[in-house]
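Everything on this sheet refers to the single structure shown next.
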Number of protein chains: 2
Amino acid sequence: MTGPGRVPQYRRLYEILKRHIAEGIYREGDLLPSENELCQLYSMTRPTVRQSLGKLAGEGYITKHQGKGSIVHQFPRDIGILSISGTTTAVGDRNLKTRIIVRPVIKPWPDDFMFALSELEKESGCVYMERLRLLDDSPIFFDISYITNLNLPRITSRQFENRSLFQILREHYGVEVRGGEQRIRAIPASGRTGRFLGIARGQPVLHLERKMETSVNGLFLYSSIYCNTIKYSIFGRF
Amino acid sequence: MTGPGRVPQYRRLYEILKRHIAEGIYREGDLLPSENELCQLYSMTRPTVRQSLGKLAGEGYITKHQGKGSIVHQFPRDIGILSISGTTTAVGDRNLKTRIIVRPVIKPWPDDFMFALSELEKESGCVYMERLRLLDDSPIFFDISYITNLNLPRITSRQFENRSLFQILREHYGVEVRGGEQRIRAIPASGRTGRFLGIARGQPVLHLERKMETSVNGLFLYSSIYCNTIKYSIFGRF
DNA sequence: AAATATTACTTGTATTTACAAGTAGTTTTT
DNA sequence: AAAAACTACTTGTAAATACAAGTAATATTT
């Protein structure tokens, strides 16, 4: 028995390799050590190593090529939940700030909410908040979040400034955000949205509507995100 | 020995289940047969079945829950351009038409091309074409494609009307499109783009810049896609 | 010199086996 | 009746093994 028990081995290797890629130990275009080499290096069997690499490949950190190896990609740097890339230069570990526009408050759901809600959710109401994310001091995301008000004591008094919402949910409530669905469209900026993002009313804004699942049954996290894509664009792999 | 040889078993099951979901044999929220049941039904071992389910989960057709099972998701009314399968397959049985705006021609690459090109690509030039995709007779995508002109004889004289570009590449040239990267932004419609999409000049349009990798080394497929997201939105899982 | 074959790598697919951990309904105990 | 324990399921993690298939460099043949 070698494992620490709680964290799966494949996840351990996944985290290590991801960190190495982020830190630039492996560079864009480099080949990762072969699966057999990784087996030896980390004392795992190939299926386990392959599980790690599969996860990395799924998220775009590497692409695998039969007979050749796994090629590293530098790009998917997440800023919060989204990956973005600059038009001129690549986004590294830039200066990302979060500003609270509306502090978390408990409210009923809006009447015309963007996703269908269960009865339980409707009864519980939601925690509402608005945040603005700035990259190098330019506003990029205006984020309106709705969290089902289910067993989240004292959430309205937490310190959200410059901290990830995901982080708070994980650390204080043991809630893991897993994934979800999203709709994307281009819309004209409203007066208010435009003001936050520094965009004239009516000018194009990227709008994302997301529903995220969590490890807690029935607890979902919704957000409506407006993006200023003049200088930066949303980046993704598929 | 039961397998037909060429198509992997896990892929066979993946295709079957995907078709069953698309056809509504499994409905939104249904539980798929358990992994052990699938093993028996299709004479496979559990790792193989899990490989199929993993692929389905990765593409958002199901979500897996430990101790419970795999829950089916249907893509009801949104267009899944964010998945590798391409527009034609993902939309399902809707009325999707393709109209050629500019027939394929061999050209040099534009000077300010949206992605970096290798020397080989620059020398080879590209096959250029413009297509308009209509969904239920409303124009939704205006698609400008660039394919590296590498060993694609007679491509300029192929019949592209109402056929997927991916399909032609696969059937006539044995080229499989695998995946790639994309950038998304909201931009104001130009006069020409707006005309094709039925949108006033300056109104918001979703713009995707994609680079797709293929099974052929050095052969990439680029496209610049303008989307009318007034009636439909781009849907994706993550 | 050029074409072909070999070789030593790489990842891909698949089986078999074992146990851990989460879920939900049933039974037993309190 | 309510709480606790049990049970029979589900998916998750992991090992050991085998062979297929793609890649690229080297060696051989033509």
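Lettering of chains follows the sequences in order, A, B, ..., and the numbering in each one begins at 1. What you see below is based on every heavy atom in this structure, not just the backbone, and it leaves out hydrogens, waters and symmetry mates.
- For A:Gln51 and D:dA14, the CD to P distance is 7 Å, given to the nearest whole Å.
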Requested in this report: Output, in order, the C-alpha distance, side-chain angles, deciding distance and verdict of ring-ring contact (aromatic ring centres under 6.0 Å, His included) for A:Tyr146 and A:Phe113.
Outcome: CA-CA 10 Å; A:Tyr146 306 82; A:Phe113 194 63; 4.8 Å; yes
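- Phosphate contact (OP1/OP2 of C:dT13, side-chain N/O of B:Gln9, threshold under 4.0 Å): absent.
- Taking atom OH of residue A:Tyr42 and atom P of nucleotide D:dA15, one finds them 15 Å apart after rounding to whole Å.
- Taking only side-chain atoms of B:Arg46, from C-beta outward, the nucleotide of D:dA15, C:dT13, D:dG12 with the closest atom is D:dG12.
- A cation-pi arrangement is absent between B:Lys211 and B:Tyr222, since the terminal nitrogen or guanidinium carbon is not both under 6.0 Å from the aromatic centre and inside a 45° cone about the axis.
- With rounding to whole Å, B:Leu31 atom CG is found 11 Å from C:dT23 atom C1'.
- Rounded to whole Å, atom P of C:dA21 lies 18 Å from atom NZ of B:Lys64.
- No N or O donor and acceptor, one from the side chain of A:Arg11 and one from the base of D:dG12, sit under 3.5 Å apart.
- Checking B:His65 against B:Ser70 by side-chain atom types alone, no donor-acceptor pair falls below 3.5 Å.
- Checking C:dA14, D:dT13, C:dG12 against the side-chain heavy atoms of A:Tyr10 singles out D:dT13 as nearest.
- Of the listed nucleotides (D:dG12, D:dA16, C:dT11), C:dT11 has the atom at the smallest distance from the side chain of A:Arg50.
- For the pair B:Arg131 and B:Ser145, the tightest heavy-atom approach, listed with the atom from each and the gap, is NH2-OG, 3.5 Å.
- Within 4.0 Å (heavy atoms only), A:Thr48 reaches sugar-phosphate atoms of the nucleic acid but no base atom.
- Formation of a donor-acceptor pair under 3.5 Å by the A:Trp109 side chain with backbone atoms of A:Glu121 is found in this model.
- No more than 12 heavy atoms of other residues, nucleotides or ligands lie within 6.0 Å of CD in A:Gln40, so this atom counts as exposed by the packing criterion.
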What protein N or O atoms touch nucleotides 8-10 of chain C N or O atoms at under 3.5 angstrom, if any, and at what distances?
from: C:dT10; atom 1: OP1; to: A:Ser34; atom 2: OG; distance (Å): 3.1
from: C:dT10; atom 1: O2; to: A:Gly67; atom 2: N; distance (Å): 3.3

